[in-house]
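Input: a single structure, listed below in structure tokens.
Just so it is clear, the structure is predicted and the values come from calculations on it, not from any experiment. FYI, the numbering just counts along the sequence from 1.
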Amino acid sequence: MGIASACILALSLLPALATAACGRRPVIFNFGDSNSDTGGLAAGLAAGLGFVLPHLEGRAFFLLPSGRLCDGRLVIDFLCEALNTSYLSPYMEPLGSDFRNGANFAIVGSTTRPPELPFALAVQVRQFLRFKMRSLYLLAQGATKLIDEQGFQNALYAIDIGQNDLAAAFSANLSFAHVVQRIPSVVDEIKKAIETLYENGGRHFWVHSTGPLGCLPQKLALPRKVNSNLDRHGCLITYNDAAKEFNARLSVLCDELNAKLLNATIVYTDIYSIKYDLIANYTKYGFESALMACCGHGGPPYNFNQNVECGGYGSQVCAIGSKYVNWDGIHYTEAANALVASKILTTEFSKPKLRFDYFCAA
């Protein structure tokens, strides 16, 4: 299969799996980090510091920087397309936002801990609570085109966070054992977030596991004395083992909350398996490179230099991003995100195996 054919196939799967079963307008509230930030950090930096992302960001679809750390659309964008709804507006964006279909509280670099750190998951949840309170107040004052109480109750609450917690622990030169010891506290913050949202009316939750951290060029480019820590696909074993441990505990949490929270549904989606398969079998999906960044510095094998960010002086960018799984050393390309979304929509990687539109079905 050629590169172009693979990308076209991935994109064509989305409308084929899109559903018309939504009997009411789909509303989504998203919480997370750069994997699902549709412009929150960029909006905050632009408003406060006048910062603008490099023009390379967004080139594959938006044709200008969209606030996403990607050359185009993120997984959450494709999932919105599958519901025939518009992309989520960042909570932090004051200009041109449309919150009729929800809001995105995800921010680049976010973690779960410490919970008081901007913009940790707990902070994002507090932002949502203010958003809800303000929306209901304005509705009571006669405002229109805002989400009402029933809309908040019927909404989907999506959570995709934890990658940065693991990355920070490894960056602090903690041993694998100490990294794993931190995982329960990370999962506990996700538990608190879901319970808080539930207590405030949320009933439908969609939780993503974290991806294979050890397959990111950013991690692979770190100095190492030997390659014995690499698996057969060239990924760092200890990093991936930590991600697997986190995901196992997150899966158990979702099971426990499904049993505990009355009339609530928590769907756990195995993003790790989807992304690792994409990397392990990248040629099958039409990619030429799985572990080298499209946009970065240094050339093969990883094209990543911590001191030369994508779009910065001295960085190089590939001509065709659809040939690459990875965009900038940390985030995936639009082509890879399209494939990830198409896999999510099959329900084969979710527990329980519910269609993505289950929350808005008639």
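Taking a cutoff of 4.0 Å between a charged side-chain nitrogen and a carboxylate oxygen, K192 and E189 qualify as a salt bridge.
Between C70 atom SG and D37 atom CG the span is 12.0 Å, to the nearest 0.5 Å. Taken from NE2 in H208 to CD1 in I271, the straight-line distance is 4.0 Å, to the nearest 0.5 Å. Between the CG atom in D188 and the CZ atom in R113 there is a gap of 8.0 Å [rounded to 0.5 Å]. The distance from the CG atom of L213 to the OG1 atom of T238 is 9.0 Å, given to the nearest 0.5 Å. Summarising the geometry, atom OG1 belonging to T333 is positioned 13.0 Å from atom NZ belonging to K323; distances are rounded to the nearest 0.5 Å. To the nearest 0.5 Å, atom CZ of residue F205 and atom CG of residue L257 are 8.5 Å apart.
Judged by distance alone, with hydrogens and angles left aside, the side-chain atoms of Y332 form no donor-acceptor pair with the main-chain N or O of N35 at under 3.5 Å. A donor-acceptor pair under 3.5 Å is absent between the side-chain atoms of D357 and the main chain of C360, judged by distance alone. For N247 (side chain) and A243 (main-chain N/O), a donor-acceptor pair under 3.5 Å exists by modelled atom type. In this structure a side-chain-to-backbone donor-acceptor pair under 3.5 Å is missing from S251 to A248. Checking side-chain atoms of N227 against main-chain N and O of L230 turns up no donor-acceptor pair under 3.5 Å. Side-chain atoms of N258 come within 3.5 Å of backbone atoms of I266 as a donor-acceptor pair (strictly under, hydrogens ignored).
Nearest heavy-atom pair across T346 and K343 is OG1-O, 2.6 Å. Taking each heavy atom of C235 and N240 in turn, the nearest pair found is CB-ND2, 3.5 Å. For the pair E93 and F99, the tightest heavy-atom approach, listed with the atom from each and the gap, is O-CZ, 4.4 Å. Heavy atoms only, all atoms of each residue included: S110 and G32 are closest at CB-O, 3.5 Å. The shortest non-hydrogen separation linking E334 to D71 is N-OD1, 2.8 Å. Taking each heavy atom of D328 and I330 in turn, the nearest pair found is OD1-N, 3.1 Å.
Taken together through direct or relayed side-chain contacts under 4.5 Å among Ile, Leu, Val, Met, Phe, Trp and Tyr, V325 and Y302 form part of one hydrophobic cluster. The hydrophobic cluster containing I279 also contains L220, counting ILVMFWY residues as joined when their side-chain heavy atoms lie under 4.5 angstrom apart, directly or transitively. Y272 and L250 are not part of a single hydrophobic cluster, where members link through side-chain heavy atoms under 4.5 Å apart. No path of Ile, Leu, Val, Met, Phe, Trp and Tyr side chains, each step under 4.5 Å between heavy atoms, connects I183 with V252, placing them in separate hydrophobic clusters. Grouping the Ile, Leu, Val, Met, Phe, Trp and Tyr side chains by contacts below 4.5 angstrom, directly or via other members, places F304 apart from F287.
Cys pair C295/C318: SG-SG separation is not below 2.5 Å.
Looking at heavy atoms from C-beta onward, Y91 lies in side-chain contact with R130 at the 4.5 angstrom threshold. Looking only at side-chain heavy atoms (C-beta outward), R68 and H331 stay at 4.5 Å or farther from each other.
Counting non-hydrogen atoms of neighbouring residues, nucleotides and ligands closer than 6.0 angstrom, the CD atom of E309 reaches no more than 12 such neighbours. Enclosure of atom CZ in R224 by more than 12 non-hydrogen atoms of other residues, nucleotides or ligands within 6.0 angstrom is indicated. Counting non-hydrogen atoms of neighbouring residues, nucleotides and ligands closer than 6.0 angstrom, the OH atom of Y137 reaches no more than 12 such neighbours. Taking a 6.0 Å sphere around CD of Q150, one finds it holds 12 or fewer heavy atoms contributed by other residues, nucleotides or ligands.
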TODO: Could you check Q218 against Q306 for side-chain contact (heavy atoms from CB on, under 4.5 Å), going step by step and ending with a plain yes or no?
DONE: CA-CA 7 Å; Q218 179 201 44; Q306 190 70 50; 4.0 Å; yes
Open item on the list: Under the criterion side chain to side chain donor-acceptor pair (under 3.5 Å), I'd like the reasoning laid out for D33 against Q163: C-alpha separation, chi angles, the key distance, then a yes or no.
Closed with: CA-CA 8 Å; D33 52 32; Q163 176 176 309; 5.8 Å; no
Task: Working for side chain to side chain donor-acceptor pair (under 3.5 Å), residues D255 and Y268 - done: CA-CA 9 Å; D255 290 340; Y268 169 84; over 6 Å; no
TODO: Could you check I28 against F359 for side-chain contact (heavy atoms from CB on, under 4.5 Å), going step by step and ending with a plain yes or no?
DONE: CA-CA 10 Å; I28 301 174; F359 69 100; 4.0 Å; yes
TODO: Output, in order, the C-alpha distance, side-chain angles, deciding distance and verdict of side-chain contact (heavy atoms from CB on, under 4.5 Å) for T38 and S66.
DONE: CA-CA 7 Å; T38 54; S66 64; over 6 Å; no
- [ ] List the steps, then state whether side-chain contact (heavy atoms from CB on, under 4.5 Å) holds for L129 with T196.
- [x] CA-CA 9 Å; L129 295 177; T196 299; 4.2 Å; yes
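The closest side-chain donor-acceptor pair between D160 and S36, if any, does not fall under 3.5 angstrom. Side chains of Y87 and E81: a donor-acceptor N/O pair is present below 3.5 angstrom, by distance only.
Ring centroids of H233 and Y276 are separated by less than 6.0 Å, placing the two rings close together.
Using the six-membered ring where Trp is involved, Y358 and H204 have ring planes that are perpendicular, over 60° apart on the 30 and 60° scheme.
Residue C80 is tested with V75, N104, L74, L88 for a side chain to side chain contact (heavy atoms under 4.5 Å, CB included); the sole match is L88. The only option from F356, F29, Y157 that meets the ring pair (Phe, Tyr, Trp, His ring centres under 6.0 Å) definition with W206 turns out to be F356.
Remark: K219 is not positioned above the aromatic ring of Y239, lacking an NZ or CZ atom under 6.0 angstrom from the ring centre and at most 45 degrees off the axis.
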